[in-house]
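Lettering follows sequence order; numbering is per chain, from 1.
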There are 2 protein chains.
Amino acid sequence: MEAITIKDIAKLCGVGVSTVSRAINNHPDINEETKAMIMKVIRENNYIPNNSARNLKRTDSDVIAVLIKGITNPFFNGMIKTFEREIKRNKYSFILQTVHDKQNEIEVAIELIKEKKLKGIVFLGGNFSHSNEELSQISVPFVLSTIGTTQKPDKDICSSVSVDDFKESYKMTDYLCKLGHRKIAIITAPMYDESIGKLRLNGYLKALSDNGILPDKNLIRFMKDEIESYSIQNGYAVTKELLKSGEDFTAIFAICDALAIGSCKAIFDFGKSVPWDYSVAGFDGLDIAHYYNPSITTIKQPVEDMAEETIKILFDVILKKASAQHKIFHGKLVAGQSTRPI
Amino acid sequence: MEAITIKDIAKLCGVGVSTVSRAINNHPDINEETKAMIMKVIRENNYIPNNSARNLKRTDSDVIAVLIKGITNPFFNGMIKTFEREIKRNKYSFILQTVHDKQNEIEVAIELIKEKKLKGIVFLGGNFSHSNEELSQISVPFVLSTIGTTQKPDKDICSSVSVDDFKESYKMTDYLCKLGHRKIAIITAPMYDESIGKLRLNGYLKALSDNGILPDKNLIRFMKDEIESYSIQNGYAVTKELLKSGEDFTAIFAICDALAIGSCKAIFDFGKSVPWDYSVAGFDGLDIAHYYNPSITTIKQPVEDMAEETIKILFDVILKKASAQHKIFHGKLVAGQSTRPI
DNA sequence: TTGTAGGCGTTATCAT
DNA sequence: ATGATAACGCCTACAA
């Protein structure tokens with residue numbers, strides 16, 4: 001069962017390798033009949049070209065990679081399909097590359113650029129605290145999509161698409177305040193977090209302050225390190241602890257919908273009701289937030305528009321139509337059944 | 001900004017390329033000092049070897065790929081981490097390759113084997129109706145993990161790990177019958193489906209029959225083609241239609257948890273209650289089934305055990321410790337708050 | 001329109 | 001322990 005190569009096909013067809021290559025790559029200057037014959041032989045022998053060899057030789061490739069950290073995050077679900085569709089619409093091909101938790105996405109990117117001769121990259125997810133120096137090692141245009149971080153890289157190094165986490169978080173907290181809540185707990189990322197966790201926490205603090213509410217340290221709760229972050233389980237555990245502590249509060253703002261769902265369940269298991277005993281709000285606008293019972297009040301990020309814009313910007317930069325761009329989208333506060341005025 | 005190669009590093013270090021290669025690949029016969037020096041130069045120049053060239057030349061690679069169709073399916077969430085952990089524990093490296101809906105996983109597999117010199121493959125998800133002939137083109141050991149199909153391939157061609165979809169579905173339907181339900185609707189895959197949809201439907205029919213219940217055509221509902229299959233949205237749409245039709249029933253068995261959640265929501269929006277007006281059961285045992293309100297009665301698949309066993313079998317075959325194996329796991333019926341006796 | 005030959009960046013083989 | 005050199009499989013001038 002030795003691997004079959006282009007040479008074997010050439011021999012089988014009685015032609016030169018370059019003719020076979022031309023047939024494979026839809027080259028124009030080749031006789032249609034020979035091409036048909038070659039393709040037939042290829043199919044009959046189940047020949048598949050070796051990509052490593054192709055990539056090695058190729059100089060250019062029209063492929064764009066989407067690097068995603070945290071593939072299991074349902075927030076990305078809708079985006080991935082949009083990326084694929086938009087990239088194909090531009091006649092490029094699309095690679096979805098997963099990056100493991102502890103992998104450095106920059107290194108993965110550089111490796112992949114060399115290997116596949118990429119034209120562009122989309123980074124999705126992760127905390128992304130890389131220095132400008134690291135970032136500038138990436139030799140092709142790239143866009144940071146829905147990546148919130150406190151330490152933004154230089155404006156010209158790369159493009160970005162996201163919502164304003166601070167502002168949206170402010171919006172939600174302010175909404176809860178306007179509903180009459182004064183004792184609002186938050187579930188956020190641990191203190192060392194420098195990305196969305198911090199941004200959303202800051203938005204919360206500012207909204208409280210603008211509503212004349214002093215933040216209560218005991219109501220600022222952090223996800224547990226020993227449980228997967230941003231997970232339902234984490235929201236459940238943190239909320240359970242909060243309830244048991246006997247702390248007085250009327251609303252919980254969880255910085256993502258999964259946490260919010262965990263919160264709700266903890267409240268139910270505690271024998272209380274949402275929203276009658278406690279209001280619960282989330283963030284992201286996942287499908288499940290809408291289908292949960294009660295439906296969760298959340299900030300809906302326009303994920304598909306954001307994904308489209310990501311690709312649009314990327315192609316603008318690739319085709320030199322424009323230089324790096326930074327686009328901020330607005331989230332929409334979707335009021336569900338999980339919050340009520342008091 | 002020309003790409004830097006192994007030759008450049010060799011020149012920079014004043015050594016031959018083979019010495020650099022030895023340093024990179026942790027070859028034993030190399031002076032520790034030269035190695036350290038070379039690695040230093042490599043780091044300073046941010047040199048990263050070209051994988052295409054490596055793969056092309058390499059004969060052997062100790063890497064295993066997991067090919068997953070439908071990456072957004074939360075059912076796979078827990079499995080992926082287990083695969084990664086188990087593969088690394090065996091000192092192999094792990095590639096997660098996504099397969100798009102319309103892509104042929106066999107072709108992707110063959111391509112990848114050639115490109116990366118894979119040692120083994122895990123197929124995850126998809127309907128997988130491939131002939132033995134196609135399957136036997138795959139030249140390395142592979143395991144079909146949690147792939148249900150009515151037309152199983154030859155026992156020796158590959159291994160498999162799954163639950164018995166027919167039996168588990170029977171179990172759930174029988175459970176509903178024993179609770180006193182006689183008019184049980186099912187939401188399943190369209191008639192042309194030859195995989196889990198059909199298997200689970202057959203289990204349902206057999207259980208009804210064994211309980212002396214005649215199946216009612218109007219209570220057998222199929223996912224809508226125009227909506228993503230196995231999605232919450234689909235469950236919602238189908239259930240809404242069922243409710244509107246005025247059909248008489250007391251329970252719904254949705255063949256996956258996402259469908260079941262959509263069902264519940266449709267029932268709520270119809271002004272009815274789960275489980276008081278209708279009992280709802282799912283299948284798979286997703287986290288969200290437990291955290292939903294009410295928690296969903298479901299068949300919990302032991303996904304982590306199955307993932308572990310998948311890798312165990314794969315290595316057994318790779319290391320020639322054993323030939324192809326086929327392991328059936330048992331699901332566990334987890335009674336939630338979404339079903340009640342009548 | 002087709003075939004020949006050289007080279008892409010790396011590793012393996014053989015010398016030294 | 002190290003260096004030169006021949007592959008790996010493919011694409012692409014260039015020649016025919």
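Within the 4.0 angstrom heavy-atom criterion, no nucleotide atom of any strand lies near B:Asn55. Within the nucleic acid shown, B:Thr5 comes within 4.0 Å of sugar-phosphate atoms alone, with no base atom in reach, counting heavy atoms only. Contact annotation for A:Ile30: backbone-only contact, meaning every heavy-atom pair under 4.0 Å involves sugar-phosphate atoms and none involves a base.
Among the candidates B:Leu67, B:Val108, B:Ile71, B:Val66, the single residue satisfying the side-chain contact (heavy atoms from CB on, under 4.5 Å) test with B:Thr98 is B:Ile71. Of the residues listed (A:Lys119, A:Lys116, A:Lys117), the one engaging A:Asp60 in a salt bridge (Lys or Arg N to Asp or Glu O under 4.0 Å) is A:Lys119, and it is the only one.
For DNA chain C, the residues of residues 32-47 of chain A within the heavy-atom distance limit of 4.0 Å (strictly under) are A:Thr34, sorted by number.
For B:Phe75 and B:Tyr230, the ring centers are positioned 6.0 Å apart or more.
Think of the region where chain B sits on DNA chain D: with heavy atoms and a 4.0 Å cut, that region ends 5' and 3' at D:dA1 to D:dG9. Scanning DNA chain C 5' to 3' for nucleotides with an atom closer than 4.0 angstrom to a non-hydrogen atom of chain B gives a first and last hit of C:dG9 to C:dA12.
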Q) Hey, mind stepping through B:Val140 and B:Ile121 against side-chain contact (heavy atoms from CB on, under 4.5 Å) and telling me if it holds? A) CA-CA 7 Å; B:Val140 300; B:Ile121 297 184; 4.1 Å; yes

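Heavy-atom contacts from other residues, nucleotides or ligands closer than 6.0 Å to NZ of A:Lys40 number 12 or fewer.
Closest of all the heavy-atom pairs between B:Pro141 and B:Val317 is CB-CG1, 3.6 Å.
Between A:Phe94 and B:His100, the two ring planes are tilted [angle within 30° to 60°].
Comparing B:Arg22 and B:Lys117 against DNA chain D, the residue whose closest nucleotide sits nearer the 5' end is B:Arg22. Comparing A:Lys57 and B:Asp29 along DNA chain D, the residue whose closest nucleotide (by nearest heavy atom) sits nearer the 5' end is B:Asp29.
Under the 4.0 Å criterion applied to side-chain N and carboxylate O atoms, A:Lys312 and A:Glu308 are not assigned as salt-bridge partners.
For the residue pair A:Arg58/A:Asn51, the side-chain donor-acceptor check at 3.5 Å is not satisfied.
Interatomic distance, A:Asp154 CG to A:Ser131 OG, rounded to the nearest 0.5 Å: 10.5 Å.
Under the 3.5 Å distance criterion, the side-chain polar atoms of B:Thr19 are left unmatched by any main-chain donor or acceptor of B:Val15.
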